[in-house]
Student: 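Have a look at this one before I ask anything.
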Amino acid sequence: MAERFDPQAVEAKWQSRWASDGLYRTVWDPSRPKWYAMTMFPYTSGDLHCGHWYAMAPSDTHARYKRMKGYNVLFPIGFDAFGLPAENAAISRGIHPFRWTMDNAQRMRGQLRSMGAMFDWDREVVTCLPEYYQWNQWLFLQFYKRGLAYRAKAPANWCPGCQTVLANEQVMADGTCERCHSVVTKRDLSQWFFRITNYADELLQFDGIEWPERVQAMQTNWIGRSFGVEVSFGLNAPGVAENEVRVFTTRPDTIYGATFMVLAPEHPLLGALTTPERKAEVEAYMEAARRATEIERQSTEREKSGVFTGAYCLNRFTGKPIPIYTADYVLVHYGTGAVMGVPAHDTRDFAFATKYGLPIVTVVAPPGWRGQPLAEAYIESGPMVNSGPFDGVSNADGKERIADHAETTGWGRRRVTYRLRDWLISRQRYWGTPIPIIYCPTCGEQPVPEDQLPVVLPEDAEFKPTGESPLRYHAGFYNTVCPRCGGAATRETDTMDTFVDSSWYQMRYLSPHYSKGPFDPAEADRWHPVDQYTGGAEHATMHLLYARFFHKVLRDLGLVESNEPYVRLFNQGQILGTDGQRMSKSRGNVVAPDDNVARYGADAFRTYLMFLGPWDQGGPFNTEGINGATRWLNRVWTLVSDHWDAGDADGDPVPVRELRRWTHRTIKRVDHDVADFHFNTMLAALMEFTNYLVRPDSQQLRGTAAWREALESLILMTAPSTPHFAEELWTLTGHPYSVHQQAFPSFDPALTVEDEITLVVQVNGKVREKLAVAAGISEDQAKAAALASPKVAAQIDGRQPRQVIYVPGRLVNIVL
RNA sequence: GCCGAGGUGGCGGAAUGGCAGACGCAGUGGACUUAAAAUCCACGGUCCGCAAGGACAUGCGGGUUCGAGUCCCGCCCUCGGCACCA
């Protein structure tokens with residue numbers, strides 16, 4: 001046998017053998033349960049970085065484990081291939097985005113193969129190919145038919161860096177672009193939307209899926225369901241047709257304290273109801289709000305500002321007129337874009353009223369309140385006051401009673417609102433799926449007939465960003481004929497958000513070249529939904545939300561039966577640089593996986609990444625830590641190559657029993673740990689087992705069946721995490737190819753039981769003695785043994801124990 | 001401010017309410033070697049002590065318990081998400 005494990009030679013050899021044998025080609029097999037495992041596909045950046053390895057290698061280990069447990073595992077891979085970096089690279093380097101993307105994909109295929117993952121390459125999808133994106137277009141048309149895709153003019157998030165609009169989800173909390181970190185501004189544009197809000201309530205249900213609480217919480221917050229009352233305030237303004245302004249409130253109990261009203265600067269009625277003498281001031285305010293960035297608008301630090309419109313509306317409950325203001329702390333796209341100002345019970349309204357000298361009327365009494373003015377808004381509960389017929393009612397009851405009253409009188413109605421907005425999918429850029437819509441001067445907006453799909457992205461477009469889609473300037477693309485009247489017409493030139501691509505790719509994997517629909521229904525019925533999905537939590541409110549939405553639409557279209565695309569989700573943490581910071585070129589702390597693979601081998605690198613800590617926590621990369629992985633693999637290698645023995649002698653029963661106990665206990669630990677993604681403790685268990693086996697007295701058992709069982713189990717247990725290494729050892733020990741077609745070793749619970757245990761003896765809760773006793777010791781025997789110990793006797797010092805606690809198999813605690 | 005995850009040796013981390021620090025990295029001493037690397041053996045929380053042993057130790061302060069890293073209450077800090085959402 002070889003002296004040392006030579007990863008370069010061994011890994012290359014098995015990778016090519018697996019590929020030529022199609023070892024990981026998955027075909028449907030009704031005799032085994034299916035397991036559809038997925039790791040998030042990579043963007044075609046051109047380079048697989050440590051983050052990809054950290055996400056994918058453990059995911060592969062889990063998939064391999066499932067395969068050894070008897071499942072028919074499907075573990076596909078592909079490329080997220082549309083998107084801005086391709087265009088930016090094209091602009092700066094003069095390479096076509098298609099070329100750049102496909103070259104990158106080719107390089108990344110090599111890197112992915114070097115990982116030794118069990119990807120089924122026959123199912124690869126590449127989203128920038130017409131055979132993929134035509135089904136984005138087809139799905140768009142189905143959405144369109146059902147009213148789930150629509151065009152609307154709205155103030156959209158405009159990223160000056162990316163020269164395109166962004167979805168709400170792609171604007172970060174600080175008002176910058178998720179991709180390029182430019183400050184996002186607003187632009188009024190006609191844009192395409194997907195009506196995700198139709199599914200808001202259903203997206204709040206996580207029944208039947210096992211997702212991390214954290215992701216559920218993030219999605220729940222993002223959707224932001226709140227229940228309240230929409231109330232009408234009377235309006236009688238000269239020259240204004242409307243006779244009411246509606247507000248949304250979750251605090252109808254405070255309506256008697258509403259002393260003013262505030263409209264968002266974009267509120268449609270604002271211009272009309274402003275009085276002539278106030279016009280100039282209000283218009284200046286509207287204009288300033290329009291120009292302000294999201295950052296400026298959303299800063300809560302900033303002092304409240306606003307302008308009086310000169311108009312009044314009627315608080316129907318008090319019967320009193322209240323002034324109407326406009327202020328930018330009111331958001332046009334939430335609720336009705338107007339709020340009632342209740343300064344006594346809302347901190348924002350309090351600040352506003354204080355600044356502009358508006359009346360503050362307490363309507364929910366704080367404890368011990370005697371009518372004095374409030375120093376700050378009181379937002380807790382209490383009895384209602386100054387509220388006409390509702391005085392004395394608890395405000396919790398008041399909420400219901402006032403809502404009832406509003407509904408009976410017709411002044412308002414109960415309503416649910418969401419923070420979630422419809423998904424804006426238009427992008428004014430070249431490298432994406434063309435939206436299949438045609439504009440005809442006579443027939444208007446027309447969907448491209450399905451038999452004319454795909455609407456192919458022309459290769460020869462000039463794709464410099466101008467703020468308009470480059471397709472607008474491609475005459476051959478832009479000019480077309482109306483599918484209805486045959487007259488001259490033009491195409492929609494915006495392309496789709498790339499998150500459309502990843503919203504359903506798990507279905508396309510099942511039949512990537514199917515031409516009669518987005519996926520083959522027979523394959524879909526067999527494989528979907530995905531049993532285990534793994535990837536980063538940064539996608540919680542983008543990809544993972546969109547994919548759930550898409551799946552529900554697919555279900556309503558009759559294309560799938562399940563309600564959710566991904567049954568189980570696991571979010572791995574983030575691998576950081578050695579300095580504990582995010583890896584980035586600008587910080588200079590990037591660890592290149594290729595270098596490590598060349599130096600230590602893929603298996604050692606995989607081992608190190610999994611051993612580093614709990615997978616969901618991530619952590620800093622430690623350049624020296626990888627030595628430990630290499631050292632362990634070499635120890636196993638030496639152990640097996642020097643001491644493998646196919647003998648099946650019985651051996652001395654006592655040490656044999658001890659060896660088998662080690663073997664079976666290790667199998668038990670490893671099985672549990674890998675099933676639960678606890679790769680670090682799985683490897684620790686294997687290391688402990690190795691340390692035990694290399695002890696000279698363990699090797700006395702060479703030649704026994706127990707010894708062979710131990711080494712075979714060890715090799716089999718390393719197969720999921722170090723696939724090449726295990727394959728080589730399996731072959732070298734004379735076993736038939738392939739180790740990856742073997743069953744995971746199983747343990748016999750009876751063999752894991754200890755004969756002898758360490759009985760810990762405490763006196764007043766402090767450990768004073770440790771005794772080796774038989775595992776089956778009785779309570780009385782244990783207590784007697786504890787009291788008999790000289791050390792314990794010295795501590796007791798003749799006193800009478802008040803209590804003696806016995807924990808079976810563990811300890812005796814003598815309480816004095 | 002709200003929601004979520006955390007805080008344990010020099011470092012990464014382990015521990016169904018029951019021996020805190022498994023496993024590993026780095027370090028120290030030793031073996032092998034002309035030497036080094038590799039490998040193997042041993043030792044590594046802090047303080048007192050020659051030692052046996054003892055005291056103190058899981059962010060801070062309380063509590064429950066025979067017994068708390070683990071459970072409860074109140075704080076502090078770090079990270080992630082959301083944030084003028086009426």
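In what follows, every chain begins at residue 1, and chains take the letters A, B, ... in the order their sequences are listed.
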Student: What distance, rounded to whole Å, do you find between the two P atoms, one in B:G44 and one in B:A22?
Tutor: 11 Å
Student: What interatomic distance, in whole Å, is found between P of B:C47 and the corresponding atom of B:C66?
Tutor: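 Their P atoms lie roughly 35 Å apart.
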Student: With distance as the sole criterion, do the side chain of A:Asn813 and the base of B:C66 form a donor-acceptor contact below 3.5 Å?
Tutor: yes
Student: Taking B:G30 as the reference, what is the distance to B:A20 when you measure between their P atoms (whole Å, please)?
Tutor: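 Between the two P atoms, the distance is 33 Å.
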Student: May I ask you to check whether over 12 heavy atoms, not counting those of A:Leu816, lie within 6.0 Å of atom CG?
Tutor: yes
Student: Tell me which nucleotide among B:C56, B:C25, B:A14 gets nearest to the side chain of A:Lys766.
Tutor: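 Side chain of A:Lys766 sits closest to B:C56.
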Student: For this output row, return yes or no: ring centroids of A:Tyr325 and A:Phe352 closer than 6.0 angstrom.
Tutor: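 Centroid separation for A:Tyr325 and A:Phe352: below 6.0 Å.
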Student: Quick one: the side chain of A:Glu538 and the base of B:G81, do they pair up donor-acceptor inside 3.5 Å?
Tutor: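 A donor-acceptor contact between them is absent.
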Student: With rounding to whole Å, what would you report as the distance between B:C73 and B:A5 at their P atoms?
Tutor: 14 Å
Student: As a quick check of understanding, evaluate side chain to side chain donor-acceptor pair (under 3.5 Å) for A:Tyr378 and A:Thr254, giving each step before the final call.
Tutor: CA-CA 11 Å; A:Tyr378 177 70; A:Thr254 64; over 6 Å; no
Student: Could you give the distance separating B:G21 and B:A14 at their C1' atoms, to the nearest angstrom?
Tutor: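 Their C1' atoms lie roughly 7 Å apart.
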Student: Run the side chain to side chain donor-acceptor pair (under 3.5 Å) check on A:Trp632 and A:Thr690 step by step: do they pass?
Tutor: CA-CA 8 Å; A:Trp632 171 61; A:Thr690 308; 2.9 Å; yes
Student: Using the P atom in both, what is the distance from B:C25 to B:C41, to the nearest Å?
Tutor: 12 Å
Student: Identify whether any heavy atom of A:Asn634 sits under 4.0 Å from a base atom; if not, whether one sits that close to sugar-phosphate; answer base, sugar-phosphate or nothing.
Tutor: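 Here A:Asn634 touches no strand at all.
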Student: Might you confirm whether atom CZ of A:Arg599 has over 12 heavy atoms from other residues, nucleotides or ligands at distances under 6.0 Å?
Tutor: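 No, CZ of A:Arg599 has 12 or fewer neighbouring heavy atoms, counting only those of other groups under 6.0 Å.
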Student: Any base atoms under 4.0 Å from A:Val767, or only sugar-phosphate, or nothing? Heavy atoms, all strands.
Tutor: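 Answer is sugar-phosphate: A:Val767 comes under 4.0 Å of backbone atoms only.
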Student: Looking across every strand, which nucleic acid part, if any, lies under 4.0 Å from A:Pro212 by heavy atom: base, sugar-phosphate, or nothing?
Tutor: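 Nothing: the residue A:Pro212, judged by heavy atoms under 4.0 Å, touches no strand.
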Student: Whether A:Asn627 contacts B:A26 is assessed here as follows: a side-chain N or O lying under 4.0 Å from the phosphate OP1 or OP2. Is that the case?
Tutor: yes
Student: Work out how far the C1' atom of B:U8 is from that of B:C23, and round it to whole angstrom.
Tutor: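 Approximately 15 Å lies between the C1' atom of B:U8 and that of B:C23.
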Student: Say we look at B:C82 and B:U65: how far apart would their C1' atoms be, to the nearest angstrom?
Tutor: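 Nearest-Å result for B:C82 against B:U65 at atom C1': 39 Å.
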Student: 5'-most contact on RNA chain B: A:Arg419 or A:Gly765, nearest heavy atom basis?
Tutor: A:Gly765
